[in-house]
Protein chains: 2
Amino acid sequence: MTSDRPYHHGDLRAAVLAAAVDAIAESGPAGIRLRDLARRAGVSHAAPAYHFGDKAGLLTALAAEGFALLADDLQRTGEQTGSFHEVGVAYVRFAIGHPAHFAVMFQPDLYHPDDPGLLAARARADSALSSGIDALSDRQAGPDPGVAGTAAWSLVHGFATLWLTGALPGTSGARSGDDPEAVARAVVDLLFRA
Amino acid sequence: MTSDRPYHHGDLRAAVLAAAVDAIAESGPAGIRLRDLARRAGVSHAAPAYHFGDKAGLLTALAAEGFALLADDLQRTGEQTGSFHEVGVAYVRFAIGHPAHFAVMFQPDLYHPDDPGLLAARARADSALSSGIDALSDRQAGPDPGVAGTAAWSLVHGFATLWLTGALPGTSGARSGDDPEAVARAVVDLLFRA
DNA sequence: GACGGAATCTTTACACTGACTAGATTCCGC
DNA sequence: GCGGAATCTAGTCAGTGTAAAGATTCCGTC
């Protein structure tokens, strides 16, 4: 069985990560199989283990990539708009635009939660979100800025999660044509309408 | 190896469900193994399959049980207090009190989402939550009652999810001694303070 | 241009899992 | 107490994750 494909893939690490994103989009993070990802990338079944160690290592890399992308999005949005409303909407936009990453990021039992690269990426995302919240608290007459930040994060995170799960009536119901970003904006506005 | 335990377990279905709750609390829904649950219940490795068909069937039953418990909690709280604030807090209290159920309930890729029993239980929970939201909208001057309901649900769901994930600063940070229910109440109050 | 170590991938092997099947045991209505 | 139904066991199989050892290629250095 002499294949004509080269012995070295070129960028197998990225290819496996991309294949994982596809596989998760199809059947969720639980249905992911290392051997299937290897098949998709056109390599032997044990090749992914070289780059990620084990299955949890792969998902760790995926989660870290997700936190890094989220941090970039939030930071850029914060700098461009200076509005926490828009940072919140950007959070939802990221979740819906990268559902596979988002699903893995907030299931620490799937990966190695102490991985340094992951912790660094998550710290960046936390920082970008916090700075948006701080800017908000300045204008906000709330009693406790910590509570306001927790509320804001909970709101956008919950909305994104419920939307992705298909639990919201609008997702598969009568208002299925709704733009999630528009609904998210309305929801965020409601929280800070004072 | 003649065991002295009886051939019939008595209530294996409930025992397996209880073992699943324990196992999920230990290592998450992804780490659950049918053979391990059988060992915990003291039966042969294939016994659980008789009651649940397959692994997804077991998690379907667990999710249905969770939705039923949630519906009971929300309905009781709504009737006793008549306050949506308290219904929201009850939502959070359920999630933190039944983390294993909650984790499975909102991961439809783990179970059979079309199961009739599951759909019925979820419909009951949706109804209990909606009635609380309707009562809220009457007093609320919001533009769209649908938006207010989505916001409220998103808020409590997001808070519960983030708290269980350990993502909130208060969970493992300096304010780790905080009572989640008290924080939830403050967060819900913030949304509807007008 | 050639050498040699490092990086990358394949092959082989093994324990474990979920699922299926046939058979054993017990329960329960009549 | 008879007989079908319900419940559980035992055996089997394909598929999975992981580890170890070997094969192939890359790349800095001479």
Side-chain angles (χ1 to χ4, degrees), chain A residues 1-20 22-24 26-63 104 107 109-112 115 117, chain B residues 1-20 22-24 26-63 104 107-113 115 117:
Chain A
M1 206 167 77
T2 57
S3 165
D4 53 350
R5 91 181 128 79
Y7 193 91
H8 286 77
H9 179 281
D11 196 359
L12 180 57
R13 186 188 155 89
V16 170
L17 282 174
D22 292 345
I24 293 174
E26 291 171 14
S27 40
I32 201 173
R33 281 166 286 191
L34 241 39
R35 290 170 113 100
D36 176 51
L37 303 185
R39 275 188 288 266
R40 293 179 191 235
V43 295
S44 83
H45 69 262
Y50 173 77
H51 292 277
F52 303 103
D54 55 1
K55 193 176 181 178
L58 160 69
L59 294 176
T60 304
L62 196 67
V104 174
Q107 281 188 272
D109 55 293
L110 293 179
Y111 54 82
H112 298 136
D115 178 78
Chain B
M1 206 167 77
T2 58
S3 164
D4 53 350
R5 89 182 130 79
Y7 193 92
H8 288 77
H9 179 280
D11 195 358
L12 180 57
R13 186 187 155 89
V16 169
L17 283 174
D22 291 346
I24 293 174
E26 292 170 14
S27 40
I32 202 173
R33 280 166 287 188
L34 242 38
R35 290 171 111 100
D36 175 51
L37 303 184
R39 275 188 288 266
R40 293 179 190 235
V43 293
S44 82
H45 62 92
Y50 173 77
H51 292 276
F52 303 103
D54 56 1
K55 191 177 181 177
L58 160 68
L59 294 176
T60 304
L62 196 67
V104 174
Q107 281 189 272
D109 56 293
L110 292 179
Y111 53 82
H112 298 136
D115 179 79

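Quick note on labels: first sequence line is chain A, next is B, and so on, each numbered from 1.
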**Asked** Just how far, in rounded Å, is P of D:dG17 from CG of A:L110?
**Response**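 Spelled out: CG on A:L110 to P on D:dG17 is 13 Å.
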**Prompt:** Rounded to whole angstroms, how far apart are CG on B:L12 and P on C:dT25?
**Reply:**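 Nearest whole value for this atom pair: 19 Å.
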**Asked** Under 3.5 Å, is there a donor-acceptor pair between the side chain of A:T60 and the main chain of A:H112?
**Response**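 Yes: the side chain of A:T60 pairs with the backbone of A:H112.
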Where do N or O atoms of nucleotides 16-18 of chain C meet protein N or O atoms at under 3.5 Å, pair by pair?
unit_1	atom_1	unit_2	atom_2	d
C:dT17	OP1	B:R33	NH1	3.4
C:dG18	OP1	B:L34	N	2.8
C:dG18	OP2	B:L34	N	3.1
C:dG18	OP2	B:R35	N	3.1
C:dG18	N7	B:R35	NH1	2.3
C:dG18	O6	B:R35	NH1	3.1

**Prompt:** Do the side-chain N or O atoms of B:Y50 get closer than 4.0 angstrom to the phosphate oxygens (OP1, OP2) of D:dT7?
**Reply:**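 Indeed, a polar side-chain atom of B:Y50 lies that close.
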**Prompt:** Do B:P29 and A:D109 have side chains that get closer than 4.5 Å, going by heavy atoms?
**Reply:**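 The answer is yes; the side chains approach within 4.5 Å.
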**Prompt:** Side-chain contact, heavy-atom cut-off 4.5 Å: B:L58 with B:L17?
**Reply:**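 Yes, at least one pair of side-chain atoms sits under 4.5 Å.
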**Item:** Nearest-0.5 Å distance, CG of residue A:D22 to CG of residue A:L37
**Value:**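 Reported to 0.5 Å precision, the distance equals 9.5 Å.
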Give the table of side-chain donor-acceptor pairs shorter than 3.5 Å for residues 43-57 of chain B, with sequence neighbours excluded, one pair per line with atom names and distance.
unit_1	atom_1	unit_2	atom_2	d
B:D54	OD1	B:G57	N	2.9
B:K55	NZ	B:I32	O	3.0

**Asked** Between D:dT9, C:dC9, C:dT10, which nucleotide has the shortest distance from any of its atoms to the side chain of A:S44?
**Response**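 Minimum distance to the A:S44 side chain belongs to C:dT10.
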**Prompt:** Is B:A49 touching bases, backbone alone, or none of the nucleic acid, heavy atoms closer than 4.0 Å?
**Reply:**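 Touches nothing.
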**Request:** Quick one: which residue pairs count as a salt bridge (charged side-chain N to carboxylate O under 4.0 Å, His left out) with a foot in residues 39-51 of chain B, not counting sequence neighbours?
**Result:**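 Applying salt bridge (charged side-chain N to carboxylate O under 4.0 Å, His left out) to every pair that reaches into residues 39-51 of chain B, excluding sequence neighbours, yields B:E26-B:R40, B:D36-B:R40.
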